[in-house]
Amino acid sequence: MFDPAVNIWLQALASPWLDQFFLWITALGDELAYTLLLPALYWLTDRRNARQVALVFLVSMSLNGILKEWLALPRPNPADGVRLLIQETSPGFPSGHAQGSSTLWTSLALAYGSRLLGWLAAILIPLICLSRLYLGVHYLADILGGLALGFGLVALFFTGYRRGWGNRWPVGVKALLIILAMPILLFLNPNSGAVRILGFLSGFLLGDWVGRHALAYRPQGSPAAQVGKLLLGYGGFFAIVYLVERWVPAGLPSLLGYGLAALWVTVGAPWLFLTLGLTTREWGPGGPLARRALGQLGSGALVVALLLGLLAWWAGAPLGRLPAVAGLQPGVVQVIAHRGGALEAPENTLVAFGQAETVGATALELDVHLTADGHVVVLHDSTVDRTTNGTGPIAHLTLDQVRELDAAYHYSPDGSTYPLRGVGIGVPTLEEVLQAHPETPLIIEMKMNEPRLAEEVARLVEAYGAASRVVVSSFHREVLDHFRSLAPGVATGFSLPEALHFVLLERLGLSFLYPGPPGDVLQVPERYGLLPVASKNLIERAADWGLPVQIWTVNDRDAMRRWAVLGAAGIITDAPSTLVEVLRQEGTRDA
């Protein structure tokens, strides 16, 4: 079901008219369509029904974003014969359009008990799903997964509504649960779309109770009054959204801003409708508790608005600069051969580095250690056992002993033959690499937490005039800081603690509090165990600080394509020839 056969079959029917039809249909499942529909339901219809629809829809879309982020499954690839009519940058499974349409239209039909809405659901849900297949942005499995989740959540929520689950919980308990849940959900998926949904969901849940009890009004009215409510309501709503998107820092501040937008929908706009006489109260002004809650909510919203204003002033405009790092160009993805391309040649050898340049790599990544007599050699492991015919720690061997080793001894292109054994491929020194590749951008990773290694690397970089074309990195902060003190003009990556600091702040929505980057390039893995690390949001938040992001180690074609589309400055791969091919297909590098 993750096969493009259904997409290709549907696209065999393609015509300009059908293209436009499905582009229009898919727009009905976009975020903008729901943004327009949900507030209108709340202002113009029975708010109890609108609340039921909005709650299950917002929870459904929040879950959809979390699953996409953590599963990170690919979308159809043009290389498989699928025609892409629109470009989507999020992972494919489950389909947000399928899940959103099944959630919204089914819950509308159930909440309002309307046969017409039931027919609309039966027509629009299949059409929106077909549009995603026809437009080439989802596999059949993505659609089926989204439908299953959407229908399942509707069944769960409406069963709970009818049985009164949670109705007896005190308002304070509900508010506390919302406040505690938001940081967890934000950590699970800090991307901008999820922030909007979580912010709106939290504000909606807090404001709905107050609005219904303190500002109860009749939803019906004259056509002029209804139009007036929509104009005033949308005007305030989109003004808040514009201010949040334009000025408020991304992450937690943006979440609070969308919470204010939801409070406008549930409290601010209804209060304005009543004040201007666009509607009439359904009963009195509510009890003391409701009136007190209304005042407290208004005061809290004012405090949050002032806080966001201060944050917008303090954070200022994003830096948006591109560091002067060799090989980095706006809009061009750097092809970085990991250890020279470990799947295509014996890793960390002159043969691998030369072959990587031949196939189109624009930068080389390599690892360095110190020998017992103080020479810098290019090797990944702390021992020579895995890649050579020798044994023992590299730090216990002299350079002469290292030169006797066969660096291609364990290299096998097919897992069973070793065609390069004994042909004279040795472990190179960093000096030899700098001599052999005098203009090529290099990423040099210092594997040892040893000050002497930093000193020798700094000496060699200066001796060969390579300061403008290298990025020096290390997992160890101490050795990297020592190198920075010795060569302040050389670009550096982030140590593990430094990268972890930024990634954690980003996932908690607090990247605006980052004190400033210690290095010039942020190099991160796709995942760390189960935790997704690289993401569209990480790339965007790093850009706020002027940091290009290089992602390692990416060997899957679909992942290469995704990171290229998402704006990674560089992709570190064991298969540089494959990455070059993918980027040429995507048009994200010069052919």
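If you read the sequence from its start, that first residue is 1, and numbering goes on from there.
- No hydrogens or angles considered: nothing links the side chains of Q355 and T358 as a donor-acceptor pair under 3.5 Å.
- In this pair, Y234 and F238 present their aromatic rings tilted. The plane angle is within the 30 to 60° band.
- Proximity of I197 to Y258: side-chain heavy atoms (C-beta onward) are nowhere separated by under 4.5 Å.
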* Asked: Can you list the steps and then say if R507 with R541 is a side-chain contact (heavy atoms from CB on, under 4.5 Å)?
  -> CA-CA 10 Å; R507 293 206 71 88; R541 300 291 70 78; over 6 Å; no
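- Donor-acceptor pairing under 3.5 Å is lacking for the side chains of N7 and Y134.
- Counting heavy atoms from C-beta outward, E357 and T440 have side chains that approach closer than 4.5 Å.
- Ionic pairing of D19 and R83 is present here: one or more N-O contacts between side-chain nitrogen and carboxylate oxygen are shorter than 4.0 angstrom.
- The residue from N555, T573, D574 that alone fulfils the side-chain hydrogen bond (donor to acceptor under 3.5 Å, both in side chains) condition with H338 is D574.
- No side-chain donor from either of S107 and Q52 sits under 3.5 Å from a side-chain acceptor of the other.
- T362 and Q334 are not linked by any side-chain donor-acceptor pair at a separation below 3.5 angstrom, with hydrogens and angles left out of the test.
- Remark: W70 CH2 is packed, more than 12 non-hydrogen atoms of other residues, nucleotides or ligands lying under 6.0 Å away.
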* Go through the steps for T266 and Y42 under the test side chain to side chain donor-acceptor pair (under 3.5 Å), then give the verdict. => CA-CA 8 Å; T266 54; Y42 197 81; 5.3 Å; no
* Test side-chain contact (heavy atoms from CB on, under 4.5 Å) applied to T106 and F158, step by step -> CA-CA 10 Å; T106 306; F158 275 82; over 6 Å; no
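- Tested against N191, the residues E540, E69, K536, R196 include a single side-chain hydrogen bond (donor to acceptor under 3.5 Å, both in side chains) partner, E69.
- H380 and E347 form no side-chain donor-acceptor contact under 3.5 Å, judged by distance and modelled atom types alone.
- Classified by interplanar angle (parallel below 30°, tilted 30° to 60°, perpendicular above 60°), the ring pair F21/W24 is tilted.
- Using modelled atom types, one finds no donor on one side chain facing an acceptor on the other under 3.5 Å when comparing E365 with W552.
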